[in-house]
Structure formats: C-alpha cells, structure tokens
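Counting starts at 1 for both ligands and their atoms, in listed order.
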Amino acid sequence: MENINWSELGFGYMKTNGNVRCEYHDGSWGKLEWHTDEYIQMHMAATCLHYGQEAFEGLKAFRGKDNKIRIFRLDENAKRLDSSCDGICMPKLPEGMFKEAVIEVVKKNVEFVPPYESGAALYIRPVLFGYTPQIGVNPAKDYLFIIFVSPVGPYFKGGFSTNPYVITRKYDRSAPLGTGIYKVGGNYAASLRAHEEAHKAGYSSEFYLDAKEKRYIDECGAANFFGIKDNTYVTPKSTSILPSITNKSLMQLAEDLGLKVERRPIPEEELSTFEEAGACGTAAVISPISRLDDLDNNKSYIFSKDGKPGPWSTKLYQKLRAIQYGDEPDTHNWVTIL
Ligand SMILES: *Cc1c(COP(=O)(O)O)cnc(C)c1O
C-alpha cells in the first residue's frame, strides 16, 4: 500500500487489499470467499447486464479518536438489501452473512480506514446480481454477492455548506408502484439524464416530485428530503422513495433533540413554509439546500438567506457525525465496533 494522501481523497474507487464474495448456485448460497482480484468473469448473456437484476448497498466505517473502527447501522443495511432482493426476485443472503461479510472486508482492509483527523471514511459497497446466461426474461438461477471498500474523502471539503437544487418535471426517477423503494441500479440509470441536466445548469442535483400527480415532494436526486419548520422535522411519505437509513437516524435524533417528527405527503406549495431544508444520505449525512428552483413556474424556494446551513440542520449533522466517529455515546446501538 502506497502512502495515501487522506486530505485529497474524493468519492472514487481505490484498489485495496481485496474483496469478499459469495456465490449462489442450485438454490443455495455457498461460503464467503476472500478475493484479491478486482475483476469478475461473466458470461455476455448474464441477466444483470440485460435486464438489470442487480441491487446494492452503501455504508461507511469510521476511525475514532480512540483508534477504534465503527461501522454505522450494519443491520439496517442488511435488512434493506433483503428487501431489494425480494423486490427484484433475487435470493436473500442467509441470516447474518451480510454482517459477517462486512466485518471481514473491513478487517482485511483496516489500513484503508482513514485517520480520525482527516474527516474521511471507508465506504463499503455491497452488490448482489444475477448472472445466469439466458436470453429469456426470467430471474437468474445464479447470483454473485460481492463487497468491496474504498476510502472516501469528507463530503464537505470546505466545511459544512449549502447547495442549490432544481425541480424537474421532465423526468421521473421511479413510479408509484415501481422499484423506487429498492436500492437497485435501474433507478440510477433512470436518473442519470435528469442529473446531468441539473448539473450542467449549475445545480447540485435534480429534485423529483411524485410521478403520478407532480404535486408532492419525492426525493432530491439520490437522497431523501427533509424540511424543518415550527420545531418540526418533516419528511415525505411516498411509495416511490428509497427508505434512507440516514433519514431514519435523523428522525430519531430530531426527536431526541426535542423536535416533532412528521412523515407524510408534502405538497410542493408547503416548501415555502420551511425554515430549513436538506438532502440526506450516507455520502453527506446532510447536504443543506440553499434554494430550490422551480423553473417551470418561475419560483424559487429559499432555505438559507446567508448561504449557511440552518441551526437545526447543523445540530443534526454534528450529532450524527459525533456518533459515527465515537465522539458521543451511541445510545441507540447504531454502531458496530470492530
Ligand atoms: C441510497 C439512497 C439514499 C440514501 O440512503 P442512506 O441509507 O441514507 O444512504 C436515498 N435515496 C436513494 C435513491 C438511494 O439510492
């Protein structure tokens, strides 16, 4: 391993010591295997390539001041992968295997977990897909589960800050009864174009309304939305939103901090009543929204007048980070210490 410049890390792939894999054949999962090869050999007719039978996860491990390594909400990610597997007809992993695989891949790549001071973390990427060679549209018979890791830099290089977003009515990420609630690659393919256009226009990301009526808030690109007003944390309830584990954690912390928490449909007009708003997910924890433009209606919702994150967003962000890095007690048992 060469010397890594921890402060220069972005969100990219870096080769590490290796990855953990497990294969599914003849109706059952095999044993976990350690591989140093970064490549997989796959038949060109593999189902995942043609019909998108693939799901993934994303979680992080953090090195504390005490030098201990903490993995955040391992069990929740395991449950969500189960749900994604169910959603696109893939076999679930045996009970406990996800956790075992994550712990093994982190342990064997322990020198890639960035130092506490860097504000960086080890990103853990589990992926599960069908790869039986077949042309017919059917669930595969053979599956591969792989977990690899890569050190990633702090999301906010210049400090916790706000970004502008833009509402898109031209594209939907997912349908009301579609696969939006599963963490599958197909949803991302469906969002690339909207994301490119938003990015080119100078926005951090696109912002989706519900696909059916275009009346309610859905997601901020690949992150959940929350707004804050009247001492209340409000986040959308919708059948096309990916259940974010960060959002789930923030709802709990908001309650701990004395805020009310509401999970319900949020009509677009309500945006003008929020004092603060943010996008949340594993990558950034919270990415506060400075302003949300609705270009079709010549409207702009402003959530930060001075460009700085609001007080509740800042508090929630600091609280969650403190638990992840072990600076504050893990009162909800969210962290697995290696
Ligand atoms: C992964 C993901 C999120 C964030 O989920 P976390 O568990 O908080 O990382 C939000 N929206 C989409 C579409 C996602 O894929």
Side-chain angles (χ1 to χ4, degrees), residues 11 52 54-62 71-85 87-88 98 102 121-129 147 149-150 152 154-155 163 165 168 171-176 178-195 198 204-211 217-227 233 235-254 263 266 277-289 313 316-317 319-321 323-324 332 334-336:
F11 189 78
E54 180 270 349
F56 67 99
E57 272 302 326
L59 62 163
K60 280 178 175 174
F62 305 86
I71 306 169
F72 190 65
R73 306 211 75 171
L74 194 37
D75 300 326
E76 284 296 325
N77 285 277
K79 271 198 263 175
R80 192 169 63 189
L81 182 60
D82 275 357
S83 156
S84 296
C85 285
I88 58 168
F98 183 89
V102 170
L122 186 72
Y123 186 71
I124 305 164
R125 168 52 62 87
V127 58
L128 198 160
F129 52 86
I147 306 190
V149 296
S150 186
V152 294
Y155 190 89
N163 280 301
Y165 286 69
T168 174
Y171 307 106
D172 294 313
R173 187 191 75 95
S174 64
T179 53
I181 52 170
Y182 308 121
K183 208 167 176 77
V184 298
N187 296 337
Y188 278 73
S191 74
L192 288 176
R193 215 183 144 119
H195 190 74
S204 178
S205 189
E206 74 283 15
F207 191 102
Y208 296 102
L209 301 176
D210 78 282
I217 305 309
D218 231 56
E219 285 207 71
C220 318
N224 276 188
F225 172 84
F226 71 88
Y233 179 104
T235 193
K237 190 178 166 83
S238 148
T239 55
S240 47
I241 289 180
L242 194 279
S244 154
I245 295 163
T246 311
N247 196 7
K248 189 173 181 181
S249 310
L250 290 172
M251 284 188 252
Q252 178 64 58
L253 294 180
R263 203 170 144 252
I266 306 175
C280 61
T282 294
V285 177
I286 291 175
S287 174
I289 303 175
S313 304
L316 286 165
Y317 172 76
K319 187 94 191 157
L320 190 58
R321 297 262 300 175
I323 295 170
Q324 291 176 328
H332 297 290
W334 286 345
V335 158
T336 304

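For K60, there are no salt bridge (charged side-chain N to carboxylate O under 4.0 Å, His left out) partners, not counting sequence neighbours. When the side-chain hydrogen bond (donor to acceptor under 3.5 Å, both in side chains) test is applied to E57, the partners found at least two apart in sequence or on another chain are R80. By the side chain to side chain contact (heavy atoms under 4.5 Å, CB included) test, S84 is found to be paired with A55, Y182, K183, residues two or more places apart in sequence or in another chain being considered.
Considering C220, S287, S205 as possible partners of N163, the one that fulfils the side-chain contact (heavy atoms from CB on, under 4.5 Å) test is S287.
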Intermediate values then yes/no, side-chain contact (heavy atoms from CB on, under 4.5 Å), Y208 and E206:
CA-CA 7 Å; Y208 296 102; E206 74 283 15; 2.8 Å; yes

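No side-chain heavy atom of L242 sits less than 4.5 Å from a side-chain heavy atom of I181.
For a heavy-atom separation below 4.0 Å, the residues in contact with ligand 1 are R80, R173, K183, Y188, E219, A222, A223, N224, L242, S244, I245, T246, G281, T282.
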